[in-house]
Amino acid sequence: MDLGLLLLRVVLGLLLVGHGSQKLFGAFGGYGLEGTGGFFASIGFRPGKPMALVAGLTEFVGGILIVLGLATPLAAAAVIGTMIVAGSVHASKGLWGQNGGYELTLVYGAAAAVLALTGAGAYSVDALAGLRFSLGVALGAIALGVVASLPVIARAKAALRADADAAEPVAVQ
Amino acid sequence: MDLGLLLLRVALGLLFMGHGAQKLFPVFGSRGLDGTARFFDSIGHRPGRAMALVAGVSMLGGGALLVLGLATPLAGAAIIGTMVVAGSVHRSKGLWAQRGGYELTLVYGLLAAGLALTGPGAYSLEELAGIMPPLGARLGAVSVGLVAGIAVVVRARAVLNADARAACPVRPLVTH
């Protein structure tokens, strides 16, 4: 049991650290804060640079916490929130990854939710420190991640709508 | 703990069943077994139809077993094997999914390995039937999946190499 959770945590956490590093530092062929900020602004997440910083930090720090098995529900909430926002960018292309859909973000978010519910297992800082989170805390963390993502998505949609209105004003009858 | 494992099994199992169904039948926007067979032929997995059938059945069957929480080490092995093969197709594009890399197949294979090692938890047919595979069997299943996947990849490479040689035979070197 604990071996499986350790494997899951380490690989998943490192991949998330990688995604965060792409956004924050331009590592692994990423665009860095400047480039990511420009992209974020173009899809309605404004101001782009601070939003890219938030997204990069949640992935980077969330990933490290998951690898360490520290404050696992908090890490999961951060990852779930980021993944729902990321998934919303791909939503128009449907589910499947081969069509550019939100499959990968769904899998990442689900895996984070799973870790919140199972806990980090025996080989973790949580276990070493004697931290045990109740089911209520885990469910609360998942709910927090979901709820936090919704206003971000709604705000971006509103920003894009305002752009469209500005580009093509409705004629007054 | 058990609730988390149930969530993982159901979400992952259903996604795999979807991918398996795409290979076997023209559903969820796929071209079914014929289309998959042609694609498999072209990338060296021959005979394409038989290999597409194996891949589709591994994913559909492995996904169904995961959802039920039945024979999870076997399901894990089937999924790990198919994901090694699927990942090899994306390998030339690197890791990251946004560039067409093997990230998604890695995460899927990892989650299947994780489940093979943790077991399906309390809300599962294994638990109902009182089946508790030992850690050795679980690690063995993960290894079988890895080895089977690598063997298929090596075979496809050899087939493509043979194609390349047939299309462009090496001329004997002229020696003086």
Side-chain angles (χ1 to χ4, degrees), chain A residues 1-16 18-19 21-23 27-31 36 39 72-73 76 86 89-90 93-122 132-133 135 138-139 142, chain B residues 1-16 18-19 21-23 27-30 39 72-73 76 80 86 89-90 93-123 132 135 138-139 141-142:
Chain A
M1 173 65 82
D2 298 309
L3 192 62
L5 292 175
L6 178 68
L7 173 69
L8 207 98
R9 273 171 33 219
V10 170
V11 183
L12 212 68
L14 287 179
L15 285 169
L16 289 167
H19 279 289
S21 307
Q22 287 179 325
K23 290 188 183 62
F28 310 120
Y31 297 107
T36 310
F39 172 63
T72 308
V89 177
H90 297 267
K93 296 184 178 159
L95 168 62
W96 305 105
Q98 66 262 41
N99 304 328
Y102 58 88
E103 185 174 3
L104 182 64
T105 58
L106 173 67
V107 172
Y108 272 133
V114 166
L115 281 175
L117 290 170
T118 60
R132 290 185 140 272
F133 302 101
L135 182 62
L139 290 173
I142 294 172
Chain B
M1 174 64 85
D2 298 310
L3 193 61
L5 293 176
L6 177 69
L7 173 67
L8 181 61
R9 275 169 33 218
V10 172
L12 208 65
L14 288 178
L15 285 167
F16 278 127
H19 279 290
Q22 281 181 327
K23 291 196 176 48
V27 291
F28 309 127
S30 84
F39 174 60
T72 45
I80 291 166
V89 178
H90 297 268
K93 295 184 179 160
L95 169 63
W96 306 104
Q98 66 260 41
R99 304 218 164 77
Y102 59 89
E103 184 175 3
L104 182 62
T105 59
L106 173 68
V107 172
Y108 272 144
L110 163 80
L111 291 174
L115 269 176
L117 292 176
T118 60
Y123 311 121
M132 293 283 257
L135 183 62
R138 299 183 174 286
L139 287 170
V142 172

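Proteins come first, then strands; the chains are lettered A, B, ... in the order of their sequence lines, and each starts at number 1.
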- Message: What part of A:F28 gets within 4.5 angstrom of chain B, counting heavy atoms only: side chain, backbone, both, or neither?
- Response: both

- Considering only heavy atoms and a distance below 4.5 Å, find which of B:V107, B:L139, B:L115 pairs most often with chain A. B:V107

- Please look at A:L115 and chain B and tell me whether the side chain, the backbone, both or neither of the residue comes under 4.5 angstrom of a heavy atom of that chain. neither

- Message: So which atom in B:L111 and which in A:A111 form the shortest heavy-atom distance, rounded to 0.1 Å?
- Response: CD2-CB, 4.1 Å

- On a heavy-atom basis, the closest approach of B:A113 and A:L7 is CB-CD2, 3.8 Å

- Query: Measuring from A:Q98:CD to B:H19:NE2, what's the distance to the nearest 0.5 Å?
  - Reply: 5.5 Å

- Relative to chain A, which segment of B:F28 carries a heavy atom at a distance below 4.5 Å: side chain, backbone, both, or neither? both

- Item | Region of A:L6 that comes under 4.5 Å of a non-hydrogen atom in chain B | neither

- Task: Using a 4.5 Å cut-off on heavy atoms from C-beta on, say whether the side chain of B:L8 contacts that of A:L117.
- Result: no

- With a 4.5 Å limit on heavy-atom distance, are the side chains of B:T118 and A:L8 in contact? no

- Scored by heavy-atom pairs under 4.5 Å with chain B, the best of A:L3, A:T118, A:L104 is A:T118

- Do you know which of B:E103, B:R138, B:H90 has the most heavy-atom pairs under 4.5 Å to chain A? B:E103

